[in-house]
Amino acid sequence: MEGREEDVKVGANRFPERQPLGTSAQTDKDYKEPPPAPLFEPHELISWSFYRAGIAEFVATFLFLYITVLTVMGVNRAPSKCASVGIQGIAWAFGGMIFALVYCTAGISGGHINPAVTFGLFLARKLSLTRAVFYIIMQTLGAIAGAGVVKGFQKTQYELLGGGANVVSHGYTKGDGLGAEIVGTFVLVYTVFSATDAKRKARDSHVPILAPLPIGFAVFLVHLATIPITGTGINPARSLGAAIIYDKAHAWDDQWIFWVGPFIGAALAAFYHMVVIRAIPFKSRA
């Protein structure tokens, strides 16, 4: 009985208390909330890094449309779903490309590749209005170029197979399509906020490395769920680029859904993350 106290001391030294997990591991002493980005940043317009980031967004969205539209056309061309990669393959193409492209461009532009992501991050004051508008323009131009190259390679097949354009499928209403786009984009943008949270980066050193993985996986899962409804937009540049190059009347009938839905979903995700999860407005008042 006399040696029991000594044993306890030795054990305590040998097995020190673990670092607390979750938000309890973070204190005000080792983390400070970064200031919001200014609404207008005129100095960006004379910075090469600003234009380099825009070029990166253009190239990434170009590659994204090129690979994914070709995949969609390959599935539509097959005599049966069993003779192609099917819906699962399309979902993997979209999710896999986002994973790869976010990994490649995150250190240059942030790896948005999507106007809805850019819009959500702008609402959270993660980037200036100047940069947000520039990104959206470059993303849209990249999407048009990517779909255009596919059509240039095989014009007849492109027009016969739909060109990867988004439409609300038969049997679903416009409201169904709008709801699917809102929820699908919410999943994506919420994942982006969580995977790139600066507070998590400060606490968990592995978060920046792993960030592209959950983002790509979110895109994959959303496509599995909503391809039967709308073909899955959740990216206004992707939908507009394919519609412009395909240029058929029915591709324009529902085009508004693929802008309004993603922007609403992105706004809801930004509000949920910043106000509910991070409670940033309440912290600033305190």
Side-chain angles (χ1 to χ4, degrees), residues 34-70 94-152 164 166 185 188-189 191-193 195-198 201 208 211-212 215-216 218-219 233-245 255 258-260 262-263 265-267 269-270:
L39 189 60
F40 296 100
E41 188 63 53
H43 296 294
E44 287 184 322
L45 299 177
I46 58 174
S47 170
W48 166 241
S49 63
F50 176 77
Y51 295 100
R52 180 184 63 182
I55 294 170
E57 288 292 310
F58 173 89
V59 172
T61 315
F62 168 84
L63 295 173
F64 179 61
L65 264 288
Y66 176 77
I67 295 297
T68 54
V69 169
L70 278 176
F94 278 87
M97 280 302 291
I98 289 297
F99 167 71
L101 294 170
V102 170
Y103 180 84
C104 292
T105 60
I108 303 170
S109 64
H112 297 190
I113 323 170
N114 186 336
V117 172
T118 300
F119 179 67
L121 293 173
F122 165 70
L123 292 180
R125 301 295 299 277
K126 302 296 183 182
L127 71 164
S128 67
L129 177 62
T130 312
R131 186 173 291 264
V133 171
F134 183 50
Y135 276 16
I136 291 173
I137 292 172
M138 296 302 284
Q139 290 159 358
T140 303
L141 292 176
I144 295 170
V149 169
V150 175
K151 184 176 181 178
N166 289 119
T185 310
L188 169 60
V189 178
T191 303
V192 170
F193 273 110
T196 61
D197 192 336
K201 288 183 181 181
I215 295 172
V219 172
I234 67 171
N235 184 332
R238 170 259 187 275
S239 300
L240 181 63
I244 287 176
I245 301 301
Q255 185 62 209
F258 302 103
W259 283 83
V260 175
F263 275 20

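In this text, all values refer to a predicted model and were calculated from it rather than measured experimentally. Residue indices begin at 1 and follow the sequence shown.
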Side-chain donor-acceptor pairs under 3.5 Å in residues 140-152, sequence neighbours left out?
unit_1	atom_1	unit_2	atom_2	d
T140	OG1	I136	O	2.8
K151	NZ	I245	O	3.0

- Message: Can you classify the ring geometry of F64 versus F94 as parallel (below 30°), tilted (30 to 60°) or perpendicular (above 60°)?
- Response: perpendicular
- Which pair of non-hydrogen atoms, one from G164 and one from A242, has the smallest distance, and what is that distance? O-CB, 3.7 Å
- Query: Aromatic rings Y51 and F134: how do their planes relate, parallel, tilted or perpendicular, breaks at 30° and 60°?
  - Reply: perpendicular
- Query: Tell me the salt bridge (charged side-chain N to carboxylate O under 4.0 Å, His left out) pairs involving residues 99-121, sequence neighbours left out?
  - Reply: none
- Atom OG1 of T61 and atom CZ of R238: how far apart are they, to the nearest 0.5 Å? 12.5 Å
- Item | For G216 against I98, the heavy-atom pair lying closest together | CA-CG2, 4.1 Å
- Message: Taking side-chain contact (heavy atoms from CB on, under 4.5 Å) as the criterion, tell me which of T118, L121, V117 meets it with Y135.
- Response: T118
- Message: Please find the pair of heavy atoms, one from T191 and one from A218, that lie closest to each other, and give the distance.
- Response: OG1-CB, 3.7 Å
- How long is the span from the OG1 atom in T105 to the CD1 atom in I55, to the nearest 0.5 Å? 13.5 Å
- With side chains defined as the heavy atoms from C-beta onward, is the minimum distance between N114 and L188 less than 4.5 Å? yes
- Identify the two heavy atoms, one from A132 and one from F122, that lie closest to each other, and give their separation to 0.1 Å. CB-CB, 4.1 Å
- Query: Between atom CD1 of I113 and atom CG of L101, what is the distance when rounded to the nearest 0.5 Å?
  - Reply: 4.5 Å
- From CD (Q255) to CD1 (I244), nearest 0.5 Å: 8.0 Å
- Task: Let me see the working for I137 and F58 under side chain to side chain contact (heavy atoms under 4.5 Å, CB included), right down to the final yes or no.
- Result: CA-CA 9 Å; I137 292 172; F58 173 89; over 6 Å; no
- Item | Geometric class of the F62/Y66 ring pair [parallel <30°, tilted 30-60°, perpendicular >60°] | parallel
- Non-hydrogen side-chain atoms of P115 and N235 separated by less than 4.5 Å: yes
- Message: Listing request: all salt bridge (charged side-chain N to carboxylate O under 4.0 Å, His left out) pairs with a residue in residues 129-146, at least two apart in sequence or in separate chains.
- Response: E44-R131
- For residues 111-124, which residue pairs qualify under salt bridge (charged side-chain N to carboxylate O under 4.0 Å, His left out), counting only residues two or more places apart or in two chains? none
- Query: What pairs with F99 under side-chain contact (heavy atoms from CB on, under 4.5 Å), at least two apart in sequence or on another chain?
  - Reply: P212, L213
- Query: Nearest heavy-atom pair of A211 and T196: which atoms, and what distance?
  - Reply: CB-CG2, 4.4 Å
- Let me see the working for W259 and L240 under side chain to side chain contact (heavy atoms under 4.5 Å, CB included), right down to the final yes or no. CA-CA 9 Å; W259 283 83; L240 181 63; 3.6 Å; yes
- Task: Please report the C-alpha distance between H112 and L127 in whole Å, then the side-chain angles of each, then the deciding distance to 0.1 Å, and finally whether the side chain to side chain contact (heavy atoms under 4.5 Å, CB included) criterion is met.
- Result: CA-CA 11 Å; H112 297 190; L127 71 164; 3.9 Å; yes
- Where is the tightest heavy-atom contact between S239 and N166, given as atom of each residue plus distance? OG-OD1, 2.8 Å
- Quick one: list whatever passes side-chain hydrogen bond (donor to acceptor under 3.5 Å, both in side chains) with T68, sequence neighbours left out. none
